[in-house]
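Shown next, in structure tokens, is the structure this report addresses.
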Amino acid sequence: MSSEALTSISLTSLPRLSQGKVRDLFSLPDGRTLLFVTSDRISAYDVILKNGIPSKGFILTLLSAKWFEVLSSRVPGLKHHFLSLTPPPAPSIVTPDERRMLRGRSMTVRRLKIFPIEAIVRGYVTGSAWLEYEKSQTIHGLAQPAGLSRCQQLSRPIYTPSTKAELGQKDVNITPAQARAIVGDKYASRIEDLVLACYKAGAAYAEERGILIADTKFEVGLDEETDEIYLVDEVLTPDSSRFWSKADYQVGREQDSFDKQVLRDWLTSNGLKGILDVQLPPEVVEKTKARYIEAYERLTGRTLEETLKSLE
Ligand code: ATP
Ligand code: MG
């Protein structure tokens with residue numbers, strides 16, 4: 001496991017389809033599958049930091065793969081994009097060096113048409129949902145009961161979508177009715193039912209392992225040939241979710257989360273929030289890495305080293 005962060009993915013043997021804040025997507029020769037590669041880049045407040053977090057790409061990839069397996073067994077009829085943790089073996093597809101670089105941080109996935117919303121599910125009221133609730137007793141425009149406290153568990157999980165902004169723009173919270181107008185009547189309820197079922201199954205699994213999933217962002221795609229909806233992207237990772245320690249949880253106050261909290265706090269206290277090209281000091285990198293690793297190990301019951309070794 002390298003101690004250097006890999007922030008740029010160079011693959012000369014495959015055409016790059018797109019580059020997001022964290023991932024690079026490459027087309028595989030069959031035209032129907034993609035190589036989904038997760039770098040160690042980290043973003044906070046919608047900008048990418050100059051240095052990455054070593055091993056973060058492994059953690060996000062291997063944790064998502066674990067979730068696809070867990071959710072498949074717990075959500076009846078679930079379709080998801082994950083195919084394999086390794087690129088196809090034909091030597092012409094990637095070089096041996098590229099294959100080494102990709103090991104543990106890449107997966108092959110079914111290429112789908114992505115619905116242009118973020119399908120957020122919330123089990124607890126926190127973050128932007130808490131700010132909105134305090135102001136108007138609503139969450140994404142949905143009326144809520146009076147008297148909720150900060151970080152309180154909702155009586156049942158709710159579907160609270162947002163727009164999916166272009167790189168550099170901010171996602172905007174919307175109502176389920178606005179999401180329906182974006183994705184169309186034909187798919188709106190199917191998407192909502194799918195992500196609620198995935199959240200419930202994931203939250204129950206995580207809670208058994210001492211982690212509360214306060215909220216999470218799913219993405220969904222459509223197979224236009226079969227008209228089926230698929231769970232895509234990364235799933236229930238510390239980047240896409242707020243994980244809290246069950247043992248430390250207390251309603252009525254902010255919770256320490258297993259994600260970018262250390263990094264966000266450092267940026268805010270140094271007046272660097274939203275500034276481009278910030279270099280993180282080694283202690284912030286180390287602490288952030290440790291939190292990601294802890295989330296991985298608690299949720300999978302395996303060390304990261306052990307999982308990486310099993311892929312060699
Ligand atoms: P952020 O997650 O921070 O908003 P981002 O969404 O810009 O960043 P990444 O997460 O870096 O981007 O890259 C993943 C991209 O791949 C997303 O645009 C996502 O919609 C897309 N994607 C995920 N799964 C599939 C799939 N099966 N087929 C096609 N595109 C996919
Ligand atoms: Mg993303």
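Just so you know, ligand 1 is whichever comes first in the structure, and atom 1 is the first atom listed for that ligand.
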Under a strict 4.0 Å criterion on non-hydrogen atoms, which protein residues are in contact with ligand 1?
G20, K21, V22, R23, L25, L34, F36, H81, V109, R110, R111, L112, I114, K164, K217, E219, V232, D233

Using a strict cut-off of less than 4.0 Å between a Lys/Arg side-chain nitrogen and an Asp/Glu carboxylate oxygen, indicate whether E225 and R32 qualify as a salt bridge.
yes

Run H80 and F68 through ring pair (Phe, Tyr, Trp, His ring centres under 6.0 Å) and show every step you take.
CA-CA 7 Å; H80 60 70; F68 286 120; 4.8 Å; yes

Under the criterion salt bridge (Lys or Arg N to Asp or Glu O under 4.0 Å), which of K56, R291, K217 is the partner of D239?
K56

Answer yes if the ring centres of H140 and Y159 are under 6.0 angstrom apart, and no otherwise.
no

Steps toward ring pair (Phe, Tyr, Trp, His ring centres under 6.0 Å) verdict (Y124, Y249)
CA-CA 11 Å; Y124 295 74; Y249 171 70; 5.6 Å; yes

List the steps, then state whether side-chain contact (heavy atoms from CB on, under 4.5 Å) holds for Q144 with L142.
CA-CA 6 Å; Q144 299 299 318; L142 302 169; 3.7 Å; yes

